[in-house]
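For reference, the structure discussed in these notes is given below.
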Amino acid sequence: MSYKSILVHVDNSDTVSERVAVAARLASEQDAHLIGAAATGVLSEYYRNSAMMYAGMVPQDQIDDLTRSAEQALDRFEAQASAAGTRYERRISDDAAQDGLVLQARYADLVVLSQSEPGDEGLLLGPGLAAYLALYGGRPVLVVPYVGKYPHIDRHALVAWDGSRAATRAVTDALPLLRRSARVTLAVFDPKRQYGVHGAEPGADIALFLARHGVKVEVLQQPKPEGMNVGEALLSLSADLGADLLVMGAYGHLRWREMVLGGVTRTLLESMTLPVLMSH
């Protein structure tokens, strides 16, 4: 099992260069086809306000500007992908970014996005584009922090394991990365508080599953540090271990509950310090 099609979001933000660099490197390592996807947002402009909706048309010069901006972003993607020596193609859609990416994610193995910068969320569903794609894309999402450089994600992977469906999906979706990682630690917080979830030895069954897929894994059971939520505990443990990748299930609880109360997913999307692969 390996990734054969990797979809990366392309725009004109300051975070796009590192996002594309991570995606291109993964595509080369996995012998995958890299797809750079940009969106003009033209359809969004049609419905941004009632005046435009009733007029039935966005001014042509505005459409041209939006299209030109997306094409320029794709030109930079193409130059970067070509320099990385990976197979690639460019795609452009007239949708809003979240709608175009959700549609195209259905035909990719992995989606690479950037963490939203503070104040740039803009979506009702929570911390930006990554939250939306994790919920509705149907594919694993690799989220790259909006600050920093990430030249490797194959030295030490930390897997957050709570026995949930979302965590199971994330572990399976991450197998191509976990097999390449020099070290994998599977973290189980407070396993005795999750009655009937983990079996006789918490983490043992999923570790055996991973071992059969060629993943060398170490199980780490520990109490959640006092005063921290699970998301904060995972970030702290990632720093202590020197992890360069975190694998976790996204929105394991009811979506409305996580939206109102916070939750592990929200904490990670807001405060991540390393790339995070998440699946829902």
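Hydrogens, waters and symmetry mates play no part in the numbers below; they use all other heavy atoms, side chains included. We count residues from 1, following the sequence as given.
Residues M228 and M272 do not share a hydrophobic cluster, clusters being chains of Ile/Leu/Val/Met/Phe/Trp/Tyr side chains in contact below 4.5 Å. Hydrophobic clustering, with ILVMFWY side chains joined whenever heavy atoms are under 4.5 angstrom apart, keeps V10 apart from Y146. A continuous path of hydrophobic side-chain contacts links Y136 to M248 [ILVMFWY only; heavy atoms under 4.5 Å].
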When you look at I35 and Y107, which way does the side chain to side chain contact (heavy atoms under 4.5 Å, CB included) test go after all the steps? CA-CA 10 Å; I35 304 163; Y107 313 106; over 6 Å; no
Trace of the side chain to side chain contact (heavy atoms under 4.5 Å, CB included) decision for H33 with K4: CA-CA 6 Å; H33 189 72; K4 293 303 179 185; over 6 Å; no
Evaluate S5 against D109 for side-chain hydrogen bond (donor to acceptor under 3.5 Å, both in side chains), listing each step before the verdict. CA-CA 5 Å; S5 298; D109 297 305; 4.5 Å; no
Decide side chain to side chain contact (heavy atoms under 4.5 Å, CB included) for L245 and L158; before the verdict, give the C-alpha distance in whole Å, the side-chain angles of both, and the deciding distance to 0.1 Å. CA-CA 6 Å; L245 175 68; L158 175 63; over 6 Å; no
Walk me through whether T168 and R165 qualify under side chain to side chain contact (heavy atoms under 4.5 Å, CB included). CA-CA 5 Å; T168 303; R165 177 188 180 279; 5.6 Å; no
Take E78 and Y88 through the side-chain hydrogen bond (donor to acceptor under 3.5 Å, both in side chains) test and state the conclusion after the steps. CA-CA 8 Å; E78 188 169 355; Y88 67 90; 3.3 Å; yes
Evaluate the criterion side-chain hydrogen bond (donor to acceptor under 3.5 Å, both in side chains) for residue pair D244 and H152; output intermediate values, then yes/no. CA-CA 7 Å; D244 54 16; H152 53 77; 3.1 Å; yes
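Within the 4.5 Å cutoff, the side chain of D154 has no heavy atoms near those of the L177 side chain. Within the 4.5 Å cutoff, side-chain heavy atoms of L277 are placed close to those of S279. In this structure the side chain of T185 never reaches within 4.5 angstrom of the side chain of V217, judged on heavy atoms. With contacts defined as side-chain heavy-atom distances shorter than 4.5 Å, the pair N229/V264 does not qualify. A heavy-atom distance below 4.5 Å is found between the side chains of I92 and T40. Two residues are said to be in side-chain contact when any heavy atoms from C-beta on lie closer than 4.5 Å; V184 and K216 fail this criterion. Contact check for V111 versus P140: no side-chain heavy atoms found under the 4.5 Å cut-off. Between L237 and Q222, the closest side-chain pair of non-hydrogen atoms falls below 4.5 Å.
Closest approach of L133 to A105, counting heavy atoms only: CD1-CB, 4.2 Å. For L26 against L142, the heavy-atom pair with the smallest separation is CD1-CD2, 3.5 Å. Closest heavy-atom contact between T86 and S28: CB-OG, 3.7 Å. Taking every heavy atom of both residues into account, L101 and A37 meet most closely at CD2-CB, 3.9 Å. Shortest non-hydrogen contact noted between V16 and S13 is CG1-O, 3.3 Å. In terms of heavy-atom proximity, L178 sits nearest to A157 at CD2-CB, 3.7 Å.
Look at R139 and D173 and you find no salt bridge, because none of the NZ, NE, NH1 or NH2 atoms lies under 4.0 Å from a carboxylate O. Contact check on R91 versus E89 returns a salt bridge, with a Lys/Arg side-chain nitrogen under 4.0 Å from an Asp/Glu carboxylate oxygen. A salt bridge between K224 and E232 is absent, with no side-chain N of the basic residue lying under 4.0 Å from a carboxylate O of the acidic one.
Under a cut-off of 6.0 angstrom, the local environment of CZ in R155 is sparse, with at most 12 non-hydrogen atoms contributed by other residues, nucleotides or ligands. Residue-environment remark: CG (D14) stays at or below the threshold of 12 foreign heavy atoms within 6.0 Å.
To the nearest 0.5 Å, atom CD1 of residue I6 and atom CD of residue Q30 are 6.0 Å apart. Interatomic distance, L235 CG to S271 OG, rounded to the nearest 0.5 Å: 6.5 Å. Interatomic distance, CZ of R90 versus CG of L34, reported as 13.0 Å (0.5 Å rounding). Atom CG of D11 is separated from atom NE2 of H9 by 4.0 Å, given to the nearest 0.5 angstrom. Rounding to the nearest 0.5 Å gives a distance of 7.0 Å between CG of L113 and CZ of R19. A distance of 4.0 Å separates CD1 in I206 from CH2 in W161, rounded to the nearest 0.5 Å.
With no hydrogens or angles considered, no side-chain donor-acceptor pair links D31 and S2 at under 3.5 Å.
When atom types are taken as modelled, the side chain of T67 and the backbone of I63 share a donor-acceptor pair closer than 3.5 angstrom. Between the side chain of H280 and the backbone N or O of A134, no donor-acceptor pair lies under 3.5 Å.
Partner of V144 under the side chain to side chain contact (heavy atoms under 4.5 Å, CB included) criterion, chosen from T15, V276, V112: V112.
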